[in-house]
Amino acid sequence: MIRITQLKLWPEEAEADLAARICRKLKIEEKELRSWKLTKKSIDARKKDAPHYVCQVDVSLKKKEAETVKRLRDRHISLVKETGYRFPVKAAGAPALRPVIAGTGPAGLFCGYMLAEAGFAPILLERGGPVEDREQAVERFWKTGELDPECNVQFGEGGAGTFSDGKLNTLVRDHDGKGRRVLELFAAMGADEEILYEQKPHIGTDVLKQVLKNLRGTIEAMGGEFRFYTKLSGIRKEQGRLKGIDLESTDQTQGEKEQFLETDCLILAIGHSARDTFAMLDREGLVMRPKSFAVGLRIEHPQEMIQLSQYGETYAGLLPPASYKLTAKASDGRGVYSFCMCPGGYVVNASSEKGMTAVNGMSNRKRDGKNANSAMIVTVSPADFGGSGPLAGVEFQRKLERLAFAAGSGRIPVQLYGDFKENRLSTSFGGVSSETKGEICFANLRQVLPEFINRALIEGIGQCGNRIAGFDRYDAVLSGVESRTSSPVRIERNEAFLGSIPGIYPCGEGAGYAGGIMSAAMDGIRVAEAVARRYDGDPPKS
């Protein structure tokens, strides 16, 4: 196969136009071309008068591929061998004690898929409901403020990423094809095939819901079992090793409230918001420690403003909804950066505990909302949030979320950036009105965050105005608090992916080993490999 990089495609051209360009690049006639596929596509908008797509294609010729590459001597043309990911172990049959996965976010689902496909018949536990129930619970919360602490934006099938943008970009290097396998599975389950080659792929909240249903059905068809409304409530050990787990029903209509499940293999894919589970694991003696994370506020601007800034007036309407990634440095040396940017999206009330308010961002597949939003956040470390023990970061998050809840009287507190700078309450919107899921209330967000974070955000947003015209506009809308950027704890694991209690495998973002859908899914696959090798009798490999 021949790989061609750096092929240009203009905004007004269709992807089908690449075929003629491939033939010109390889100096061949079209009849010599067997097939081709687009494998990468990104936008180069450095020159506002000439933004264009940059493409990578893999090409198959009817003959003489090596001779063609040698003849051309072009650094953008090379021979490649296509290799796919292969799971290392197949089960002879389902083990007597089946592996149990706590959590059905991306880490738990992809761990479960791999184990089910290999014949290990995993049991997947989820404290929340299936996505169709979860959607109803979340919509009810956004409309009425009635929160279900077990089934919400954080808990339920798909994890916290279900009600987000479904972004699939990651900084994790994909040496052995795990990332590609994740993308292929998402596409096979109903995501748009564009995710296989877009530089910044995303599924969209609306599409992701159906993808999750299809993924669940596939896992069940391969022997996996889902138990919804079932929370991990305890760990039982024998001679220091995992013997089984205690479960608690979170749906009182299901009858029996508590039960015991014997297992010697538990994958902890519990997500970054399972605070009560972290506390239980700490009591049971599982070694964990606090880690740095980031907190801040959401900021909203008109998507049209971002389009004009990123693409220029001529091409703003011809290119997809524009995103941005911004960094700045405050005068005290603290970094400020954008996170989870949602073009054409909404700010959502993402709370999971009563009396507390947290926000996140969400976009549908088309990203056709009128506003762009992203978190503007500042990293905090154990030295900043103080306290003692592994759950100090959890308590810091809770403190901020209680203040946000009080500021908004249970609604999302919002404030204009200019008023935030001046430390005064906003009374009306300017040229930007908030696009939110959940009720909002004007409040003074300076009273929610520590002043060192407030100062850093004011300086950082101001600096970003030098990068994107209008980013620091007076009427940009802030909302808070963005506190769930990543897990505040790390559950320690060794090179065999085992935690301090033999039989327990910390996994994914909640355990502190991922940051986003893709890296969590890839970590789920890594842990599945370790579990499968254990059942196969070989020592787990990293």
Side-chain angles (χ1 to χ4, degrees), residues 84-91 98-126 130-131 156-162 164 166-170 172-191 195-196 201-203 207-226 265-272 487 493 497 505-533 535 540 542:
Y85 171 77
R86 295 186 65 183
F87 197 70
V89 176
K90 292 289 184 183
R98 296 155 65 186
V100 178
I101 301 168
T104 62
L109 285 172
F110 279 84
C111 183
Y113 181 95
M114 292 298 164
L115 290 175
E117 186 179 47
F120 291 96
I123 299 171
L124 291 92
L125 310 177
E126 174 53 58
V131 70
E157 186 175 22
T162 300
S164 68
K167 282 179 280 293
L168 302 178
N169 46 301
T170 179
V172 177
R173 293 189 178 276
D174 189 25
H175 296 296
D176 54 3
K178 289 186 179 70
R180 180 70 183 182
R181 182 63 174 141
V182 170
L183 294 175
E184 289 170 347
L185 282 173
F186 272 129
M189 297 300 141
I195 66 171
L196 297 175
H202 85 112
I203 298 177
V207 176
L208 192 55
K209 295 168 188 175
Q210 186 58 50
V211 168
L212 289 170
K213 294 178 188 178
N214 295 340
L215 185 55
R216 183 207 318 160
T218 303
I219 291 172
E220 289 175 330
M222 296 188 299
E225 176 187 348
F226 284 77
C265 178
L266 172 65
I267 296 103
L268 287 175
I270 54 179
H272 59 42
S487 180
R493 72 186 186 190
F497 297 89
Y505 294 81
C507 178
E509 186 166 354
Y513 295 97
I517 292 175
M518 282 296 292
S519 59
M522 292 167 70
D523 197 59
I525 295 176
R526 279 191 287 271
V527 171
E529 291 177 345
V531 169
R533 289 191 177 104
Y535 279 109
S542 59

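Computed from a prediction, not measured in an experiment: that's the story for all the values here. Numbers here are sequence positions counted from 1.
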**Request:** Could you walk me through whether Met518 and Leu183 pass side-chain contact (heavy atoms from CB on, under 4.5 Å), step by step?
**Result:** CA-CA 8 Å; Met518 282 296 292; Leu183 294 175; 3.9 Å; yes
**Request:** Identify, with sequence neighbours excluded, every residue that meets ring-ring contact (aromatic ring centres under 6.0 Å, His included) alongside Phe226.
**Result:** Phe228
**Message:** So Tyr505 and Pro99, do their side chains get closer than 4.5 Å, heavy atoms only?
**Reply:** no
**Fill in**
With sequence neighbours left out, the residues meeting side-chain hydrogen bond (donor to acceptor under 3.5 Å, both in side chains) with Glu157 are Arg216
**Message:** Tell me every residue that passes side-chain hydrogen bond (donor to acceptor under 3.5 Å, both in side chains) with Asn214, counting only those two or more places apart in sequence or in another chain.
**Reply:** Gln210
**Request:** Please report the closest heavy-atom contact between Gly190 and Val211, naming both atoms and the distance.
**Result:** C-CG2, 3.8 Å
**Message:** Could you tell me if the side chain of Glu529 sits less than 4.5 Å from the side chain of Val89, heavy atoms only?
**Reply:** no
Enumerate donor-acceptor pairs with a distance under 3.5 Å from any side-chain N or O in residues 106-113 to protein atoms, sequence neighbours excluded.
none

**Asked** Is there a side-chain contact between Leu168 and Phe186, using heavy atoms and a 4.5 Å cut-off?
**Response** yes
**Request:** With sequence neighbours excluded, tell me which residues meet side-chain hydrogen bond (donor to acceptor under 3.5 Å, both in side chains) with Asp176.
**Result:** Lys178
**Prompt:** Are the charged groups of Glu117 and Arg181 less than 4.0 angstrom apart, N to O?
**Reply:** yes
**Asked** What's the verdict on side-chain contact (heavy atoms from CB on, under 4.5 Å) for Ile525 and Tyr85, showing C-alpha distance, side-chain angles and the deciding distance?
**Response** CA-CA 11 Å; Ile525 295 176; Tyr85 171 77; 3.3 Å; yes
**Asked** What distance separates Glu220 CD from Leu215 CG, expressed to the nearest 0.5 Å?
**Response** 10.0 Å
**Message:** Run the side chain to side chain contact (heavy atoms under 4.5 Å, CB included) test against Ala91 and tell me which residues pass, sequence neighbours left out.
**Reply:** Phe120
**Request:** Applying side-chain hydrogen bond (donor to acceptor under 3.5 Å, both in side chains), name anything that partners Lys213, two or more places apart in sequence or on another chain.
**Result:** none
**Message:** Please report the interatomic distance OG(Ser519) to CG(Asp174), rounded to the nearest 0.5 Å.
**Reply:** 12.0 Å
**Request:** Would you list the pairs meeting salt bridge (charged side-chain N to carboxylate O under 4.0 Å, His left out) in which at least one residue belongs to residues 509-525, sequence neighbours left out?
**Result:** Arg493-Asp523, Asp523-Arg526
**Request:** Report the distance from atom CD1 of Ile517 to atom CD1 of Ile203, rounding to the nearest 0.5 Å.
**Result:** 6.0 Å
**Item:** Residues that Glu225 engages under salt bridge (charged side-chain N to carboxylate O under 4.0 Å, His left out), provided they are two or more places apart
**Value:** Arg98, Arg227
**Asked** Can you tell me how far CG of Leu124 sits from CD1 of Ile219, rounded to the nearest 0.5 angstrom?
**Response** 6.0 Å
**Request:** Dump the intermediate steps for side-chain contact (heavy atoms from CB on, under 4.5 Å) on Val100 and Leu125, then the final yes or no.
**Result:** CA-CA 7 Å; Val100 178; Leu125 310 177; 3.6 Å; yes
